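In what follows, chains carry the letters A, B, and so on, assigned in the order in which the sequence lines appear, proteins first and then strands, with residues in each chain numbered from 1. In this text, all values refer to a predicted model and were calculated from it rather than measured experimentally.
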There are 2 protein chains.
Amino acid sequence: METRELRYFVAVAEELHFGRAAQRLGIAQPPLPRAIRQLERRLGAALLERTSRTVTLTEAGSVLLREGRAALEAVEAAERRTRRAALAATGHPGVVLATKAGASSELLAKLLDAYAAEPDAVTVDVLLCGIGEQERLLRDGRADVALLHQPFDATAAFDVEELRTDGQVVVLPAGHPLTGRTHVQTAEVTALPGLPMPRWPGPDGTYPDGPGPQVREHAQLLQLIALGRACAILPDSHRAQLGGDLAAVPVLDAPTVTTVIAWPPHSRSRAVAGLVQTATRL
Amino acid sequence: METRELRYFVAVAEELHFGRAAQRLGIAQPPLPRAIRQLERRLGAALLERTSRTVTLTEAGSVLLREGRAALEAVEAAERRTRRAALAATGHPGVVLATKAGASSELLAKLLDAYAAEPDAVTVDVLLCGIGEQERLLRDGRADVALLHQPFDATAAFDVEELRTDGQVVVLPAGHPLTGRTHVQTAEVTALPGLPMPRWPGPDGTYPDGPGPQVREHAQLLQLIALGRACAILPDSHRAQLGGDLAAVPVLDAPTVTTVIAWPPHSRSRAVAGLVQTATRL
DNA sequence: CGGGATCGATACCCGCGCGGTATCGCTGCC
DNA sequence: GGCAGCGATACCGCGCGGGTATCGATCCCG
């Protein structure tokens with residue numbers, strides 16, 4: 001199976017429309033059915049059900065869509081990492097670290113400082129990214145190492161080292177009645193009148209249904225809370241970034257959040273190893 | 001990057017010899033340097049250092065070797081899983097479970113029995129495999145689910161669910177002086193006179209240096225121990241399989257072994273889900 | 001119920017590129 | 001210095017991927 005065939009199939013499977021898929025691939029429409037048929041012959045499996053009007057995935061087709069995406073990502077990762085390795089060899093070493101924008105900033109600062117003090121430190125480019133974006137960056141080779149938060153980020157498929165564990169706090173507008181409490185329970189804050197929990201986009205970019213505001217960044221969320229339009233349960237480490245217009249109260253029964261440093265398995269980069277070692281020693 | 005190019009490069013990188021690589025690939029020699037050069041141009045990276053006598057990998061080349069192997073495995077996995085899904089759709093559903101030959105046999109029996117009693121159970125083909133082979137089977141799509149043993153098997157890249165934790169015991173020939181003890185320490189048994197620890201093959205198939213006998217299977221190992229030629233530290237669960245010519249003594253400071261059921265991430269198979277659920281309820 | 005619009009499939013052609021054979025050129029070794 | 005081994009090059013043929021033109025089926029709309 002060639003990556004070209006896979007790319008074609010994934011495009012058609014995603015669009016469920018040969019014409020649009022061809023447009024997306026930058027080719028004419030006729031080669032597409034041919035390529036897919038050939039793929040089906042080679043695999044001995046029907047991938048698409050076509051009528052002259054519509055295209056749907058078969059069971060095998062949806063398996064190939066999932067697995068094929070992963071395989072294409074692996075190929076692209078190989079390509080990118082090779083390019084980066086070549087760049088590094090010709091005098092521009094460096095690692096790319098991905099982390100959630102607005103999270104763990106003080107841990108991150110400590111890590112960068114400590115690593116920079118190492119004798120064989122290289123440049124660390126920090127990639128601040130949106131929710132759930134880091135895993136993709138790590139998988140497709142755009143990042144070499146990332147700070148992830150269990151249990152929110154999927155850490156399967158990566159090697160990880162735990163860095164710290166935090167309890168969670170509910171972040172409220174300053175002056176809210178609950179801010180006087182020393183601690184609360186989850187149930188007390190999930191349905192506060194007028195302060196719904198925000199909705200984060202899922203991996204597919206869509207938002208779940210619910211009353212809360214749609215948010216994409218931490219800064220945006222904190223602003224919404226300050227305005228008295230929402231509240232949120234966040235790791236304790238965010239407290240340091242809260243301004244005077246926000247208050248935090250520990251939530252006793254919320255799951256603890258573990259910050260981990262993660263890197264792709266079989267990464268042999270000296271720089272990544274050094275960064276990980278520095279991180280675990282903090 | 002096409003998988004053909006990747007396959008070519010991996011072959012050359014592994015053989016470090018264009019002629020042998022061509023032979024292995026079943027093509028003539030001339031297309032190979034051309035394909036590799038084209039790949040190098042496309043990547044903008046030197047992958048191989050060639051003299052007219054020898055070939056060596058550059059830094060970027062060894063990165064592409066590692067990453068390319070993983071990518072090829074992902075592509076092959078996609079292919080195999082699609083074929084299996086198509087087979088399953090045409091009336092032959094079933095899952096393949098990989099487990100170490102000779103390990104966890106009683107846990108495995110319980111699992112298979114319990115799962116077979118489920119209303120929507122499908123055929124479970126059990127693949128007994130050698131040391132370290134399961135991860136590969138799981139990755140390349142030959143198996144759908146596996147029983148692994150932490151910390152010996154690499155579980156990164158998989159979703160896992162813990163099933164049980166065992167202490168470890170040292171297995172000795174019956175009548176050995178230590179068999180009278182209620183427990184021992186690791187240090188007491190790693191260098192017993194005349195009873196060296198066996199050597200298992202590494203991921204590359206070679207054996208580490210050392211005094212112990214080279215073993216590849218549990219049965220072989222148990223026989224060697226019964227003959228008084230070796231001893232071994234194994235999970236407690238192996239006790240049930242020991243005949244009268246063998247004895248086991250708990251090793252207090254050996255790491256505990258966790259048996260986990262593992263499956264590839266984003267596996268959506270109903271059968272795998274059922275198997276996992278059954279396993280966790282045992 | 002018929003005609004146009006839409007979309008996948010087919011027919012056919014062209015040109016690139018992959019793979020083959022023959023051969024060269026360099027290097028290390030006896 | 002001659003031979004053997006190995007990678008690189010030259011050159012050729014054909015298969016296949018991609019293009020244009022067109023067909024044929026289905027849905028929609030009046």
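- The side chain of Arg37(A) lies closest to dT10(C), out of dG7(D), dA10(D), dT10(C).
- Residue Leu39(A) contributes atom CG, which lies 16 Å from atom C1' of dC16(D) at whole-angstrom precision.
- As a whole-Å value, the separation of Ile27(B) CD1 from dG15(D) P is 18 Å.
- For the pair Arg34(B) CZ and dC16(C) P, the computed distance is 15 Å after rounding to whole Å.
- With hydrogens and angles disregarded, a donor-acceptor distance shorter than 3.5 Å links the side chain of Thr58(A) to the backbone of Leu47(A).
- Following rounding to the nearest Å, Tyr8(A) (OH) and dC16(D) (P) show an atom-to-atom distance of 15 Å.
- Mapped onto DNA chain C by nearest heavy atom, Pro30(B) and Gln38(B) fall at different nucleotides, with Gln38(B) at the one closer to the 5' end.
- Between the side chain of Gln38(A) and the backbone N or O of Glu5(A), no donor-acceptor pair lies under 3.5 Å.
- Here Arg50(A) reaches the OP1 or OP2 of dA9(C): one of its side-chain N or O atoms lies under 4.0 Å away.
- For Arg53(B) against dG7(D), no side-chain N or O and base N or O form a donor-acceptor pair under 3.5 Å.
- Residues Leu6(B) and Leu64(B) meet the side-chain proximity criterion, which asks for heavy atoms closer than 4.5 Å.
- Judged by distance alone with a 3.5 Å cut-off, no donor-acceptor contact links the side chain of Arg4(A) to the base of dG17(C).
- Taking atom CD of Glu2(B) as the reference point, atom P of dC16(D) lies 15 Å away to the nearest angstrom.
- Atom CG in Leu32(A) sits roughly 10 Å away from atom P in dA9(C) (whole-Å rounding).
- An OP1 or OP2 oxygen of dG19(D) is reached within less than 4.0 angstrom by no side-chain nitrogen or oxygen of Gln29(A).
- To the nearest angstrom, P of dA25(D) lies 18 Å from CZ of Phe18(A).
- Computed from coordinates, the Leu16(A) CG to dG8(C) C1' distance equals 14 Å when rounded to whole Å.
- In this structure, the nucleotide among dA8(D), dG19(D), dG8(C) sitting nearest to the side chain of Ala28(A) is dG19(D).
- At least one donor-acceptor pair under 3.5 Å links the side chain of Gln134(B) to the backbone N or O of Leu147(B).
- Put simply, the side chain of Val95(A) does not reach to within 4.5 Å of the side chain of Trp263(A), judged on heavy atoms.
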